[in-house]
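Here's the structure, in structure tokens; my notes come after.
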Amino acid sequence: MNDKLGNWKRTHRCGDLTAANVGQDVCVMGWVQRRRDHGGLIFIDLRDREGIVQLALDPDRDLASHQKAEQIRNEFVIAARGKVSHRPDGTVNPKMKTGEVEIEISELLLLNRSETPPFMIDEFTEVAENIRLKYRYLDLRRPALQSNLLKRHLVAKTVRNYLDGQGFIEVETPVLTKSTPEGARDYLVPSRVNLGKFYALPQSPQLFKQLLMVSGFDRYFQIVKCFRDEDLRADRQPEFTQIDCEMSFVNRDDVMSVMEGMIAEIFKVALDVEISLPISRLTYAEAMDRFGVDNPDMRFGMELFDITSQVAGSQFKVFAEVAANDGLVKAMNAKGCATLSRKELDELTEFVKIYGAKGLAWAKITDEGWQSPIAKFFTAEELAALNETLDVEVGDLLLFMADTPRVANEALGRLRGHLGQKLGLARKDDYKFVWVTDFPLLEWDEEERRHVAVHHPFTSPLEEDIPLLDSEPGKARAQAYDLVLNGSEIGGGSVRIHDQAVQSRMFDLLGIGEEEAREKFGFLLDALSFGAPPHGGIAFGLDRVMMILTGADSIRDVIAFPKTQKATCMLSDAPNEVAEKQLQELGIRLRTKQK
RNA sequence: GGGGCUGUAGUAGAGUCGGUUACAACGCCGGCCUGUCACGCCGGAGGUCGCGGGUUCGAGUCCCGUCAGCCCCGCCA
């Protein structure tokens, strides 16, 4: 029924044919985008990954192929031979890359038929995401995903070329590895030959890349899948890809310098955008102070101001009491936003409540001064001082947040990001990078009543802060750095601890006892005792980088076969139940589901 | 664990205050057409209104539950 391919050889991809090919005999293969049957002439738009070209089938030229074309439908797979020709005057299609030419077909093979697809394979048809995910192989035929994955390949290739040029060596690390405390929930894999024991899938190759430094590889990288069994978000799924790097004999400036070169190269190759280097830096403390978050969107201003001391003595009880109880009062000037309606202001209040804020105070600046429910609580002098601090002009909208430092910063900081989007201050084709440095080393976990590592337990403190580990560990800063792009953390790393004594002290601070440290990380501690070089590294989230490079709103649009929000695969229906025999072999009995 | 949005032919939508046989578009099928290009014209088929229950003389519409997809909080060293 279908034609056989035989020894036909493709000579060109559809999208690559131009006027330069006129006169050539070519052979193309691909999927039928569209058939336009004029009764006599038949046109077929043939598609492959490079684009679409028009085939012209004239019964006067070759009756057999014309008759065959009459039964052709969308997404049939065909091969066609013919001569590339200029289209007749007046029939050039300027909207198509190949619109100047067509192929005058002399031979046609129908290689395979297709059911009518559940949705059109084109750039126009909008399809619900669950349908797209079920028929992922068809969605992947469409131009948007084709383009995103081709670009992803280009970026991966650029990364390998760049890092190779910088003396990095790609080394594979185990996927079946060891569960360790700290960090995200592990994915576990039962071991059949060691009944009752489990591997964990790596949250990152962290320990192995440090061991490679001890082994003397000097510069390592890997484009590698990592796994974290946590809930999903628009930019997060449980298996994701890191560009993982580690370097020996370097300080953090060396790491940042090499890596921003790589980022600049990626943007040059993928988008033809020049990133000016060096990328600017903010300390964590400064980022929190000015933006309320550790991943500030630098595409716009609208910075936060700490007005705690200015309002501490005011008659406004809400502010004064927060100020008196080690809280924080912060304000933000949304320039020109006095036009926001009461409803919109209510929406902003609802927005900050998501982050635990109790409310949001506001003031519109009019010709008569402050129009605000809280204006009456302030003296003329206090208002004048706030106007000065916040650089107030008529037409501005001031937003105030008073709460614990954590809530005030986060709520107002997130509101700043939200408003930046809403007001159109954050353009997708504007790329503003910033390094955030000097993160705290440790964070107090109220629930567990102990310190936890902000970055990870192998992060070195700032050299000058090492004494603080014994006096005030909570104040120690880390040699850690995040690369933030347009408000998204796209990478993070640190200089590591290469001294066994400091590493042991760190475990101690984290409440990991001697015995547990030996059991969980003994191999690392041993390795550090055999001449570990000073080393540091970083990992970039390739998926997030690709989201920004492609303008995608969802991580699913840059991954060929992504997971749904419930971490399932709609295509393969994973995860699924397994045979009782498989469970027996693994020594696993399922507990009855609790309802 | 929690909050929110969505679910109607293959697809994406409309469906008023609860009231006749659930609309038109794209796609699909058949016919016509020798310069179209998201071809055009004529005709046709196609529905478990996510699922279950309830209220009602009557439910796509109202109520309760549930499932799925998405967004967010928690979580994500």
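In this text, all values refer to a predicted model and were calculated from it rather than measured experimentally. In what follows, chains carry the letters A, B, and so on, assigned in the order in which the sequence lines appear, proteins first and then strands, with residues in each chain numbered from 1.
Taking 3.5 Å as the limit, the base of B:rC73 and the side chain of A:R414 contain no donor-acceptor pair of atoms between them. Between the side chain of A:R236 and the base of B:rC76 there is at least one donor-acceptor pair of N/O atoms closer than 3.5 Å.
The interatomic distance linking A:K422 (NZ) with B:rC71 (P) rounds to 21 Å, in whole Å. For the pair A:R142 CZ and B:rG27 C1', the interatomic distance rounds to 13 Å; values are reported in whole Å. When rounded to the nearest whole Å, the span between CD1 of A:I354 and P of B:rG4 equals 12 Å. Between the C1' atom of B:rG4 and the NZ atom of A:K353 lies a distance of 15 Å, rounded to the nearest Å. Rounded to whole angstrom, the span from the NZ atom of A:K566 across to the P atom of B:rC75 amounts to 21 Å. Across the protein-nucleic acid pair, A:H66 atom NE2 and B:rC33 atom C1' stand 11 Å apart, rounded to whole Å. When the C1' atom of B:rC73 is taken as reference, atom CD of A:E350 falls 14 Å away, rounded to whole Å. The separation between A:K134 atom NZ and B:rG50 atom P is 17 Å, rounded to whole Å.
In terms of position on RNA chain B, the residue among A:T564 and A:A184 whose nearest nucleotide sits closer to the 5' end is A:T564. Each of A:A56 and A:N74 has a nearest nucleotide on RNA chain B; the 5'-most of these lies closest to A:N74.
Among the heavy atoms of the strands lying under 4.0 Å from A:V127 are primed sugar atoms or P, OP1, OP2 only; no base atom is included. Heavy atoms of A:T568 sit under 4.0 angstrom from primed sugar atoms or phosphate atoms, though from no base atom. As judged by a 4.0 angstrom heavy-atom cut-off over every strand, A:E102 is placed among the base-contacting residues. Note on A:T459: nothing from the nucleic acid sits closer than 4.0 angstrom, heavy atoms only. Among the atoms of the strands shown, none is found under 4.0 Å from any heavy atom of A:F458.
Closest to the side chain of A:D231, out of B:rG74, B:rA12, B:rC73, is B:rG74. With distances taken from any side-chain atom of A:R73 to the nucleotides B:rC72, B:rC29, B:rU11, the minimum falls on B:rC29. Distance from the side chain of A:F43 is smallest to B:rU36 among B:rG74, B:rU36, B:rC71. Here the nucleotide nearest the side chain of A:L41, chosen from B:rU34, B:rC75, B:rC72, is B:rU34. For A:Q565, the side-chain atoms get nearest to B:rC72 when compared with the rest of B:rU11, B:rC72, B:rC76.
In this structure, A:R505 does not pair ionically with A:D499, as no charged nitrogen and carboxylate oxygen lie closer than 4.0 Å. Residues A:R13 and A:D16 are not paired through a salt bridge, judged by the lack of any N-O separation under 4.0 Å between the basic side chain and the carboxylate.
Residue A:R233 has a polar side-chain atom (N or O) positioned under 4.0 Å from OP1 or OP2 of B:rC73.
For the 3.5 Å distance criterion, the side chains of A:R556 and A:S554 qualify, holding a donor opposite an acceptor. Looking at A:Y220 and A:D244, their side chains do bring a donor and an acceptor atom within 3.5 Å of each other. Inspection of the A:R36 and A:Q54 side chains reveals an N or O donor paired with an N or O acceptor under 3.5 Å. If you check the side chains of A:D62 and A:S106, you find no donor sitting under 3.5 Å from an acceptor. Counted by atom type alone, A:Q203 and A:R185 present zero donor-acceptor pairs between their side chains at under 3.5 Å. Using modelled atom types and a 3.5 Å distance limit, the side chains of A:D122 and A:T125 yield a donor-acceptor pair.
Counting non-hydrogen atoms of neighbouring residues, nucleotides and ligands closer than 6.0 angstrom, the CH2 atom of A:W435 exceeds 12 such neighbours.
Across every strand in view, B:rU66 sits in a pair with B:rG50 that passes the Watson-Crick or G-U test at under 3.5 angstrom. Under the Watson-Crick or G-U wobble criterion, with both distances below 3.5 Å, B:rA59 is left unpaired in every strand shown. Base pairing of B:rG18 is not made with any nucleotide, judged by Watson-Crick or G-U wobble geometry with both donor-acceptor distances under 3.5 Å. Summarising the base pairing, B:rC29 is matched to B:rG43 through a Watson-Crick or G-U wobble pair whose two defining distances lie under 3.5 Å.
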Polar pairs (N or O, both sides) under 3.5 Å between protein and nucleotides 5-10 of chain B?
unit_1 : atom_1 : unit_2 : atom_2 : d
B:rG10 : O2'    : A:P118 : O      : 2.8

Between N or O atoms, less than 3.5 Å apart, protein on one side and nucleotides 37-44 of chain B on the other: list the pairs.
unit_1 : atom_1 : unit_2 : atom_2 : d
B:rC37 : O4'    : A:R36  : NE     : 3.1
B:rC37 : O2     : A:Q54  : OE1    : 3.4
B:rC37 : O2     : A:R87  : NH1    : 3.4
B:rC37 : O2     : A:N93  : ND2    : 3.3
B:rC37 : N3     : A:R87  : NH1    : 2.5
B:rC37 : N4     : A:R87  : NH1    : 3.3
B:rC37 : N4     : A:T91  : O      : 2.2
B:rA38 : OP1    : A:K95  : NZ     : 3.1
B:rC39 : OP1    : A:R34  : NE     : 2.2
B:rC39 : OP1    : A:R34  : NH2    : 2.8
B:rC39 : OP2    : A:R36  : NH1    : 3.0
B:rC39 : N4     : A:D37  : O      : 2.7

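Below 30°, between 30° and 60°, or above 60°: for A:Y135 and A:Y137 the angle between ring planes is above 60°, a perpendicular geometry.
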- Go through the steps for A:E443 and A:H451 under the test side-chain contact (heavy atoms from CB on, under 4.5 Å), then give the verdict. CA-CA 5 Å; A:E443 189 175 42; A:H451 283 107; over 6 Å; no
- Checking salt bridge (Lys or Arg N to Asp or Glu O under 4.0 Å) for the pair A:E230/A:R228: CA distance, chi angles, key distance, verdict? CA-CA 6 Å; A:E230 300 293 348; A:R228 295 177 190 175; over 6 Å; no
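Here the separation of B:rU61 from B:rG50, taken at their P atoms, is 8 Å to the nearest Å.
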